[in-house]
Amino acid sequence: MRKALLVINSVAGAGLLTLIITVFAMLVLMFTGDNSGDVHRTGLFGALEFDAVERPDGVVDITAGLGNPVPIYIIFAILVLQLALVQIMFRRLKQRREYLLQRIADGADDLPAK
């Protein structure tokens, strides 16, 4: 059960962080740079594309979307791994703390000095 919860938390957190990173990158693509003429931008290692084309009648056609999903998958996988490692380290540190507190309560003399 603990491993399943670790995986679920890591995947959910990585999904949310990946979504935030992707939306932020798209907003940066849309609102940065010069606004004159036709614009074609890619971002997030080529994963996102943004095009703005001005038609002869003055209307601007905007297209934004996903160009190559592989970088987003890689970001997601890295975040899953990092979040899982942080949770594992936290659990081990918590267990070590409980062990040391128990040793103090038992009156052990060989504890590390502060």
| request: For residues 66-85, pull every pair meeting salt bridge (charged side-chain N to carboxylate O under 4.0 Å, His left out), keeping only residues two or more places apart or in separate chains. | output: none
| message | Once side chain to side chain donor-acceptor pair (under 3.5 Å) is applied, do any residues pair with Gln95, and if so which ones, sequence neighbours excluded? | response | none
| task | Could you give me the CA-CA distance, side-chain angles and deciding distance for Met30 and Arg41, then say whether side-chain contact (heavy atoms from CB on, under 4.5 Å) is met? | result | CA-CA 9 Å; Met30 291 171 64; Arg41 293 191 188 104; over 6 Å; no
| Partners meeting side chain to side chain donor-acceptor pair (under 3.5 Å) with Asp38 (sequence neighbours left out) | none
| said: For residues 61-74, which residue pairs pass the side-chain hydrogen bond (donor to acceptor under 3.5 Å, both in side chains) check, not counting sequence neighbours? | reply: none
| For Asp57, what residues pass the salt bridge (charged side-chain N to carboxylate O under 4.0 Å, His left out) criterion, not counting sequence neighbours? | Arg55
| Does Ile62 share a hydrophobic cluster with Leu44, counting links as ILVMFWY side-chain heavy atoms below 4.5 Å and allowing steps through other members? | yes
| message | Restricting to side-chain contact (heavy atoms from CB on, under 4.5 Å), what partner residues turn up for Tyr99, sequence neighbours left out? | response | Arg96, Arg103
Please report, to 0.1 Å, the donor-acceptor pairs under 3.5 Å made by any side chain of residues 13-28, with sequence neighbours excluded.
unit_1: Thr18; atom_1: OG1; unit_2: Ala14; atom_2: O; d: 2.6
unit_1: Thr22; atom_1: OG1; unit_2: Thr18; atom_2: O; d: 2.7

| task | Check which hydrophobic residues are tied to Ile74 through side-chain heavy-atom contacts below 4.5 Å, counting indirect links as well, and list them. | result | Val70, Ile78
| note | Members sharing Met89's hydrophobic cluster, built from side-chain contacts under 4.5 Å between Ile, Leu, Val, Met, Phe, Trp and Tyr, are none
| Which distance, rounded to the nearest 0.5 Å, do you find between the CG of Leu93 and the CD1 of Ile88? | 12.0 Å
| task | Report yes if some heavy atom in the side chain of Leu6 is under 4.5 Å from a heavy atom in the side chain of Arg91; otherwise report no. | result | yes
| query | Yes or no on side-chain contact (heavy atoms from CB on, under 4.5 Å) for Ile72 and Phe76, after CA distance, side-chain angles and deciding distance? | reply | CA-CA 6 Å; Ile72 294 176; Phe76 176 77; 5.5 Å; no
| task | Run through the side-chain heavy atoms of Ile, Leu, Val, Met, Phe, Trp and Tyr, join any pair under 4.5 Å, and report what else lands in Leu101's cluster. | result | none
| Between Leu48 and Thr42, does a side-chain contact (heavy atoms from CB on, under 4.5 Å) hold up when you go through it step by step? | CA-CA 5 Å; Leu48 303 175; Thr42 59; over 6 Å; no
| field | Qualifying residue for side-chain contact (heavy atoms from CB on, under 4.5 Å) with Leu81, from Leu83, Leu85, Leu79 | value | Leu85
| message | Taking side-chain contact (heavy atoms from CB on, under 4.5 Å) as the definition, give me every residue that meets it alongside Val86, ordered by chain and number, with sequence neighbours left out. | response | none
| message | Show every side-chain hydrogen bond (donor to acceptor under 3.5 Å, both in side chains) that has at least one partner inside residues 75-90, sequence neighbours left out. | response | Ser10-Gln87
